[in-house]
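Reckoned from all heavy atoms, side chains included, excluding hydrogens, waters and symmetry mates. As the structure lists them, so they are numbered: ligands from 1, and atoms in each ligand from 1. Note that this is a predicted model, so its numbers are computed, not measured.
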Amino acid sequence: MRKKILAANWKMNLSFVEAQAWLSQFKSSNTTKNLVDFQLYAPSLYLQSLAQQEVLTVGAQNVHPKESGAFTGELSISQLKSVGASSVLIGHSERRQYFQESNFFLKEKVDACCQQDYAFIFCCGEDLETRRAGAHLNFITDQLQASLLHLEPAKLSLLTIAYEPIWAIGTGETADTTQINEVHAHIRQLLESTFGEKGAEVSILYGGSVNASNAQSIFACPDVDGGLIGGASLNAQSFIELAHCFK
Ligand code: PEP
């Protein structure tokens, strides 16, 4: 059974005090975990504190593939585990774009997660130029083939995929449901042709300016299993409301 997931990506936003207030609000809402699997990708500095509760999974926005060593400013999977963070984002377009993370480097991160049985959301998605050229499906195939599709089927339970068209992230512009359906069905087909039946069990999230007014139609798409939410996750109430947009 594919899980319904709502994952908040705070990026480099919220102070520690604001983060604690967000969590208190989340905890005091009537939201029950069985509505959907809530995940929170917070600044690494806050992970230890935020992970001390059981209402949502807390994860990091980035990780280094090496176990330890001279990588100033980086964090390893073991370090994330040691403070209670249980998942990580890999391949977010902002990491690819602003920090030049290549498909090869992302493959190393995927391999590190698999070696350490660490859950991850793998992000993929095209830029506007690629979309306009009609090359988006090939582009996404290439991203997945280069970094992800080599993993052993036994490790698929660690994986969630997020399709995030770059032109829709933080722009207020959302892909329409025809565009979303097309890409999600394509990713599903890639997973099933690579991994067989097990590929059908991987959750695929949509990300890109999701909010309470568009979430219902997006989450109704047959291959959409939830969302990776940036802007609309910064307020606990608007994030929680999205859980009610699943049919
Ligand atoms: C994201 O950061 O992954 C994202 C989808 O952001 P937003 O919801 O703000 O577009």
Side-chain angles (χ1 to χ4, degrees), residues 4-14 18-19 22 26 36-44 46-47 50 56-63 85 87-99 101 106 109-110 119-128 130-131 136 139-140 143-144 147-148 159-177 179-181 183-184 187 202-219 221 223-246:
K4 298 282 178 212
I5 298 171
L6 271 181
N9 176 17
W10 283 356
K11 313 189 189 194
M12 198 171 69
N13 292 302
L14 302 187
E18 288 166 336
W22 188 102
F26 185 89
V36 49
D37 179 10
F38 287 103
Q39 303 183 4
L40 168 59
Y41 294 85
S44 298
Y46 308 161
L47 293 175
L50 294 173
L56 81 176
T57 300
V58 170
Q61 297 172 13
N62 185 32
V63 73
S87 181
V88 67
L89 298 181
I90 294 181
H92 193 283
S93 62
E94 289 151 17
R95 300 288 322 167
R96 294 177 188 261
Q97 191 178 346
Y98 304 136
F99 302 94
E101 294 198 358
L106 299 176
K109 295 188 188 204
V110 167
F120 61 102
I121 296 182
F122 186 88
C123 306
C124 59
E126 79 287 357
D127 56 27
L128 193 54
T130 306
R131 161 68 59 174
H136 50 287
F139 185 87
I140 289 159
Q143 284 184 325
L144 297 181
S147 309
L148 188 72
L159 170 67
T160 300
I161 293 182
Y163 166 56
E164 299 205 300
I166 297 172
W167 48 273
I169 298 179
T171 59
E173 194 176 336
T174 322
D176 65 37
T177 50
Q179 293 169 319
I180 296 173
N181 268 322
V183 176
H184 280 238
I187 295 172
V202 176
S203 295
I204 307 175
L205 314 183
Y206 169 78
S209 299
V210 176
N211 57 46
S213 46
N214 58 31
Q216 204 163 348
S217 57
I218 294 172
F219 296 164
C221 294
D223 273 306
V224 174
D225 302 305
L228 179 55
I229 319 292
S233 75
L234 295 177
N235 177 293
Q237 202 48 47
S238 24
F239 181 58
I240 293 163
E241 273 168 28
L242 297 177
H244 300 284
C245 296
F246 290 95

### Task
Would you mind reporting whether C124 and I187 have side-chain heavy atoms less than 4.5 Å apart?
yes
### Message
Could you check whether any side-chain heavy atom of Y46 comes within less than 4.5 Å of a side-chain heavy atom of V58, counting everything from C-beta outward?
### Response
no
### Query
Do T171 and S209 come close enough that some side-chain heavy atom pair is under 4.5 Å?
yes
### Task
Using a strict cut-off of under 4.0 Å between a residue heavy atom and any atom of ligand 1, list the qualifying protein residues by chain and number.
N9, K11, H92, E164, A168, I169, G170, G207, G208, S209, L228, I229, G230, G231
### Message
Quick check: do V183 and Y206 have side-chain heavy atoms less than 4.5 Å from each other?
### Response
no
#### Entry: Euclidean distance, D127 CG relative to S93 OG, rounded to 0.5 Å
10.0 Å
#### Entry: Check: Q179 and R131 side chains under 4.5 Å, non-hydrogen atoms
yes
